[in-house]
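Okay, structure first, notes after.
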Amino acid sequence: MGVVTRFAPSPTGMLHLGGARTALFNWLYARHHGGSFRLRLEDTDRKRSTPEAVAAILEGLDWLGLDWDGSIVRQSERRERHAEVARSLLAGGGAYRCYCTPEELAAMRAEARAAGGSALYDGRWRDRDPAQAPPGVDPVIRFRAPREGETVLGDLVQGPVRIDNAALDDMVLLRADGTPTYMLSVVVDDHDMGITHAIRGDDHLTNAFRQTQLFRALDWEPPAYAHIPLIHGPDGAKLSKRHGAVAVGAYADIGILPAAMRNALLRLGWSHGDDEIIDTDQAVRWFDLDAVNRGAARFDMEKLQSLNGHHIRESADSALLAEIEPRLAANHPVAATDEGRGRILALMPEAKTRAKTLVELADSLAFLFHEPPLAMTPKAERLLDIEAQARLGALFCMLEELDGWDEAGLEGAVRAFAEGEGVGLGKIAQPLRAALTGSHASPGIFAVMAALGREETLVRLHAVMVIAGERTATGEHVASSAGAEDPGRNER
Ligand code: GLU
């Protein structure tokens, strides 16, 4: 029989990192073995399950690129089937009616605790004659769990794990109002969906014992279980909001690539030698459960960002353009025109080597769309001293007359200009950078000029010259380079 895995989230909130990793491992396991990966929404908790949460989970899976096979199974639509299984078990003696009232159960638990015992249900209706049922009490249906011996699981991650059957009580399968419990629903659905492997967080390990007992009572084969350790933060404490966002959508918002997220999630508890950077095709080829670690995995934001930087560098320029164009166009509509896209693509090869997130990448290119006169950072402002302004004026005239406008030609021309002025290239390139980008740091200046085009380059230079002219007229000067390093010496 082929491998069938499933991701079975309870749609009560966002898709969080733990859920995303569970989904990824199930997806990889299925893809690795040429099997299928199913999606089941465990939405039986009517009060806590919301359509918004369902939408958030589907969106998260879609963003991560984890596609499922077949249609989505909604647990809430299968209640009748779940109830039917409970009734068949009842008919065969594998379950029984329990007429305890909630008050009686509470009293029983309080008494047991007071006596230092366990607060498990004591099985008082297990063998009692239903003829003794008190009037007016709707019974629940409880599983007649084995009392002797032990239940052993050959967990694919944890190894063999066992529990004394005496430690588990007779769980409720159908509530007094006839609705099935979560534990029953999971077992029936896993069986009916033909699930062969259930990979999930190790907080479900205790459930696995109960579920296995129920499977056996129904004469069904339980899936192979693989309980993966929970995710912790870098400080070793269980992952929570204080370690950064736990919802996957937040990582999309800050510009993490799905490929980087998959890579980071994969490394949360799974390893392949010393490999850190693993693309999805390799992951599908290599993934198996024997390499899942038993110790808690640690999520590290810095590692995610550095993986993201790598995946950004590896991405095609056009793919990155598609990612950042809407981010840039939100503030600068020109970014979404052919001209705007041309400017972005011209600088992409260099810009993508520096960014750790798509937000950083977009930010580093936003200057391409700023309207002159550009706002200047203080450092850029200091680069544009009087001397520099005068040189930019002369450079402007040279550029206006220049034949052609490509990176190599511009570099040759500006170098020749610097030589003619008897100064190092930096004395020209840095003020030029400030004038064209508003900053002291940017992609290579000749690439920037080529990306902006002749007209925009000249407009930006001109805007700086106009401001310089106005300042000269009013006697207000920008500091000279001699005073530039010391803001206290701004006046000459
Ligand atoms: N619905 C459960 C959860 O979201 C998962 C149950 C299972 O994987 O068996 O934690």
Side-chain angles (χ1 to χ4, degrees), residues 3-30 35-61 64 66 68 72-79 82 85 151 153 155-158 161 168 171 173 179-215 218 220-231 238-240 246-248 265 268-269 289 292 297:
V3 163
V4 185
T5 64
R6 73 338 186 245
F7 177 47
S10 306
T12 55
M14 308 306 262
L15 178 63
H16 51 80
L17 291 177
R21 182 190 55 164
T22 298
L24 175 68
F25 282 21
N26 279 287
W27 182 86
L28 283 172
Y29 193 76
S36 31
F37 169 66
R38 306 290 313 271
L39 177 60
R40 177 169 83 226
L41 297 172
E42 303 208 316
D43 56 351
T44 48
D45 185 338
R46 279 291 191 218
K47 277 187 232 100
R48 296 179 60 222
S49 303
T50 65
E52 293 75 29
V54 170
I57 288 167
L58 298 185
E59 200 181 307
L61 291 175
L64 277 169
L66 303 181
W68 58 88
I72 301 176
V73 172
R74 288 177 191 260
Q75 208 157 52
S76 59
E77 289 171 3
R78 295 180 33 85
R79 288 206 167 115
H82 303 149
V85 170
T151 298
L153 291 183
D155 192 280
L156 296 175
V157 171
Q158 314 284 333
V161 276
L168 299 175
M171 63 183 166
L173 301 177
T179 57
T181 57
Y182 165 73
M183 212 66 88
L184 171 67
S185 309
V186 170
V187 167
V188 176
D189 289 348
D190 278 345
H191 170 263
D192 289 2
M193 292 166 73
I195 303 301
T196 59
H197 294 77
I199 307 169
R200 58 190 182 187
D202 65 11
D203 48 337
H204 286 285
L205 187 58
T206 319
N207 291 345
F209 292 115
R210 291 185 181 278
Q211 290 164 5
T212 299
Q213 290 181 344
L214 191 51
F215 266 102
L218 287 161
W220 294 340
E221 185 62 32
Y225 291 105
H227 288 94
I228 49 183
L230 296 185
I231 302 175
K238 201 178 155 218
L239 193 70
S240 71
V246 278
V248 164
L265 290 171
L268 283 175
L289 293 168
V292 174

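Atoms within each ligand, like the ligands themselves, are counted from 1 in listed order. Since we're looking at a predicted model, the values are computed, not measured.
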For atom 10 (O) of ligand 1, closest protein heavy-atom neighbour: His204 NE2, 2.9 Å

Heavy atoms of other groups near Glu59 CD, more than 12 under 6.0 Å: no

Pairwise distance CH2(Trp27) to CG(Leu66) - rounded to 0.5 angstrom: 6.0 Å

Heavy atom of the protein closest to atom 6 (C) of ligand 1 (residue, atom name, distance): Tyr182 OH, 2.9 Å

Euclidean distance, Asn207 CG relative to Arg200 CZ, rounded to 0.5 Å: 6.0 Å

Contacting atoms of ligand 1, where contact means under 4.0 angstrom from a heavy atom of Glu42: 1 (N), 2 (C), 5 (C), 6 (C)

Identity and distance of the protein heavy atom lying nearest atom 9 (O) of ligand 1: Arg200 NH1, 2.6 Å

Proximity flag Ala8 to ligand 1, non-hydrogen atoms under 4.0 Å: yes

Minimum-distance protein heavy atom relative to atom 7 (C) of ligand 1: Arg6 NH1, 3.3 Å

Residue pair Leu58, Leu39: steps toward the side-chain contact (heavy atoms from CB on, under 4.5 Å) verdict: CA-CA 10 Å; Leu58 298 185; Leu39 177 60; 3.6 Å; yes

Enclosure of Met14 CE (heavy-atom neighbours >12, cutoff 6.0 Å): no

Atom 4 (O) of ligand 1 [closest protein heavy-atom partner, distance rounded to 0.1 Å]: Ser10 N, 3.2 Å

Exercise: do Asp189 and His82 side chains pair donor with acceptor under 3.5 Å: yes

